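The model shown is predicted, which means the values in this text are computed figures rather than measured ones. In the text below, chain A, chain B and the rest are named by the order of the sequence lines, each starting its count at 1.
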Amino acid sequence: MELFTKLFHDLDSTTKTNTRLDFLVNYFLKADPNDAIWVCWFLNGNRIKGALKTSELRRFASDCSGLPLWLVEECHENVGDLAETISLLVDGAGNLPPIKGLNAIVKRYIQSLVGMTIDDKRDRLREAWNSLRPKDLLPFHKLLTGGFRMGISSGNLYKALARVGKVEPAFIAQRLSGNWNPDSMSMDDIWKSSSEDSRLCVPFPFCLAYPLQEEPENLGTCKDWQVEWKWDGIRAQLIINSGISMLWSRGDESVGNSFPEIIEASKLIPYDICLDGEIMSWGGDGLGLFSELQQRLGRKNPGLSILQRIPVRFMAYDILAIEGQDLRKEPLFFRRKKLEAVLELLPSKFPLGLSPLIDEKDWFTLSQLREESRQRKVEGFMLKRRNSRYESGRVKGGWYKWKVDPFLADMVLVSAQLGHGKRANLYSDYSFAVWCDGELFTVAKAYSGLSNKEIEQVDGFIRKNISGRFGPVRAVKPELVFEIAFEGVNISNRHKSGVALRFPRIKRWRKDKTPNDASTLDEIRGFAGMKCSDSERDPSSIDKAGNLLLF
Amino acid sequence: MLRVLQNRREGLFCPAGGFFVDPCGHVSRAVITHAHSDHARKGHGSYLCSDNCKPLLKIRLGPKAKIESLPFGKRIKMGDALVSLHPAGHILGSSQVKIEVSGQIWVVSGDYKPQPDLTCEPFEMIKCHGFVTESTFGLPVYRWLPEDTIYAQINDWWVGNAENGIPSLLFAYSLGKAQRVLAGVDPEIGPIFIHHAVSPFLPIYERSGVDLPKVEKVDLDSEQNYSKGLIVVPPAVQDSSWLKRFTYAERAFASGWMAIRGLRRRRNLGKGFVLSDHADWNGLLQVILGTGAETVKITHGNGHALSRYLFGRGIDASLLNQPVSAEVQ
Ligand SMILES: [Zn+2]
Ligand SMILES: [Zn+2]
């Protein structure tokens, strides 16, 4: 545990990315591989599920420290972070001999809790607190509560591992994507050169685009750029390997089960291949709405009726590998030719197709065409430099999204929660509502867009105007009005309002407005061209964006 | 029943003695617990404080203020009240105000800490019927480590930076904390610099017998070499253009709030040293229970948790934040 604890506190002691990277590299050089694999797994965004409930952890801390439960809860609310709260309340007494090694500690004190009775869990945790040193407590609790990220992006994790193993970061990225755990993979597997093909069905890291924040003229001549519509769908990689097809969404989720027609259609492609593209709702009359696609997502093995009601299509716009050959370092124009050659054989009006290019000679004509985006149910353009490589993650200069301007609406702050990280003790996660029949309905949750000073002011207002408590959520007297920008509207059956905004963020604080000036639910629906009947349908599941909301 | 203290708009008032403790606004007679700006305000007719507090208060209030002082423990009569000042262990000259009216004894603690401190008089426990306590760190997540441990942490951090030729910029409140830092760090490590806001208080500390190392004022126009230096700066200076000079320095903050990681990260600091002039949770309990007070009034900070906890232990504890005729008896 010592090396890991040191890594944790080292990472915590600096805000400089490069220094952090050095700390991580040093750790991987020194650490026992059985410990290091856990660090890879946790930093890759995984957590051990079902080990302990938040309420159990607070209860045990109360039992162990002799403090009443309400006081532990009060501390949690003030500190913001549960792992930190518990670390400050229990003693790392160290009167049991310490267990050496992160692997042993994770197995004995975290993994083994899954499925234990509550009394056994309490005993096991008490043992942990008695054997860990005070310094170990915070890193241990971070692992236990699943909050160990330490400001390390997956990109930086791959970089650090790549430096140690002297391989390409993309290679590491491919190794670490998909489903694996420290029992099924070793550090050696991560670094070993890629002759074996057992893991070739996993996706490559997606190449991501930057938002275009300047005039397109600044990008130079239009001829250097490949222009495509920016689809309002689900980004995915379609991988075909020895007759098996898989569909991976970003976030390494295998979504093939939800879209069997795409998997079926891919069988017409006679190559081992990896395509990048977008899953779209695609009716007889062309492109559909995202809110329709939403009803397909997460519904495994959909029935015939929904397959007919909401057909989908995979629009391919890039090819990353063919017949075992990695094409990502080839220029885009080369990849596009390959892609066209592969897909031209497919029938038209097929669940699998080629995303078209937009062939305009100058930026001005393009910018006029872009005005039609909303009618065309797309989000604007993608601009991709013709000679660009397929990068892992977000790399400046290659890909841009040139989106249409967001929708704007004034909304009332109605509830708030403590934020995370730097904002852990500020009420900085807000819920916003609009009017419908004289009542306020929550439609969005947002936490970005205000300056630090404004956040502190809003926090001050909230603390003085709390009108109710529901778990960690504080209802707030409806008084402050904010202008909210958003990209679209989803159906949501988790919200009384029946809608959920997509990518809502705070544009500005409208100190000049009162709650009466806020928008109405009908206006919000109208924005997205949503028919009233849309909200009456019964979506079986909702997209991740829906989880952003509270009520 | 006797009125010892009332909670008025301007602050705590002793009707028998005709004086306020640490008041706001303009009152004729103010007893001041210590020279921090949230306790010692300008604009009152006359001031009473401890002998060691007086020169600090002068700097705070200017030469025109009418300030009288008392040695610790000396009892004087003010109207029908007997008043004496006793060390609070918060900063140099900080007092608890003991007020006795017809046999009823109340103590107003001001800010205090029972933990040892190289730079001020040690806290004195006073038995009383009623106790007005602060609650700046009134949650059990605040538990201070011994002073020596914190000094060792600061020294380690400074040594590490000095070895790399990087200046160590340490934020510390200019009165109290800055002197406490200076008194405890190891001056052998490198030169020590201070922001000019810290310097007026130093001679006063030295005259009271506090050992402070040799320091230099930061002078941006001169050719000072900061690379192995410790630079002690009040936090109010953070983000100002003064700091542009030190963008390459490592930064840390010495404060009880640094116990909370989120607060440290919000200030974008790599390091925080948990060094406080206030009592921690256990310190608050130790003192409150030690006074034997049956009635406890809580000010300063979020006292909800402390009052509920004390209530659970059979003590009549309540908050003193609504100055609306809440009478303290
Ligand atoms: Zn003070
Ligand atoms: Zn104070």
* What part of A/Glu73 gets closer than 4.5 Å to chain B, counting heavy atoms only: side chain, backbone, both or neither? -> neither
* Structure fact -> By residue number, those in residues 17-31 of chain A with heavy atoms under 4.5 Å from heavy atoms of chain B are A/Arg20
* Asked: Does CZ belonging to A/Arg59 count more than 12 external heavy atoms closer than 6.0 Å?
  -> no
* **Side chains of B/Trp257 and A/Asn425 in contact at under 4.5 Å (non-hydrogen atoms)** => no
* Which atoms of A/Leu89 come close to chain B, meaning under 4.5 Å heavy atom to heavy atom: side chain ones, backbone ones, both, or neither? -> both
* At a heavy-atom separation under 4.5 Å, does B/Arg308 approach chain A through its side chain, its backbone, both, or neither? -> both
* Take A/Asn78 and B/Ile260 through the test side-chain contact (heavy atoms from CB on, under 4.5 Å) and record every step on the way to the result. => CA-CA 9 Å; A/Asn78 251 271; B/Ile260 307 298; over 6 Å; no
* Is the number of heavy atoms from other residues, nucleotides or ligands under 6.0 Å of B/Lys271 NZ greater than 12? -> no
* Asked: OG/A/Ser13 to CH2/B/Trp157 distance, rounded to the nearest 0.5 angstrom?
  -> 11.5 Å
* Does B/Arg261 pair with A/Asp81 as a salt bridge, N-O distance under 4.0 Å? -> no
* To do: Considering non-hydrogen atoms only, spot the tightest contact between B/Ala305 and A/Trp70 and give its length.
  => O-CH2, 3.3 Å
* Nearest heavy atoms of B/Gly262 and A/Glu84, plus distance in Å -> N-OE1, 4.0 Å
* Mind checking the CG-CZ spacing from A/Asp91 to B/Arg143? Nearest 0.5 Å is all I need. => 4.5 Å
* **A/Asp12, part contacting chain B, at a heavy-atom distance under 4.5 Å** => both
* Asked: Under 6.0 Å from the OH atom of B/Tyr248, do we count more than 12 heavy atoms belonging to anything else shown?
  -> yes
* **Other residues, nucleotides, ligands: >12 heavy atoms within 6.0 Å of A/Glu127 CD** => yes
* Asked: Taking atom NE2 of A/His76 and atom CG of B/Leu139, what is their separation to the nearest 0.5 Å?
  -> 13.0 Å
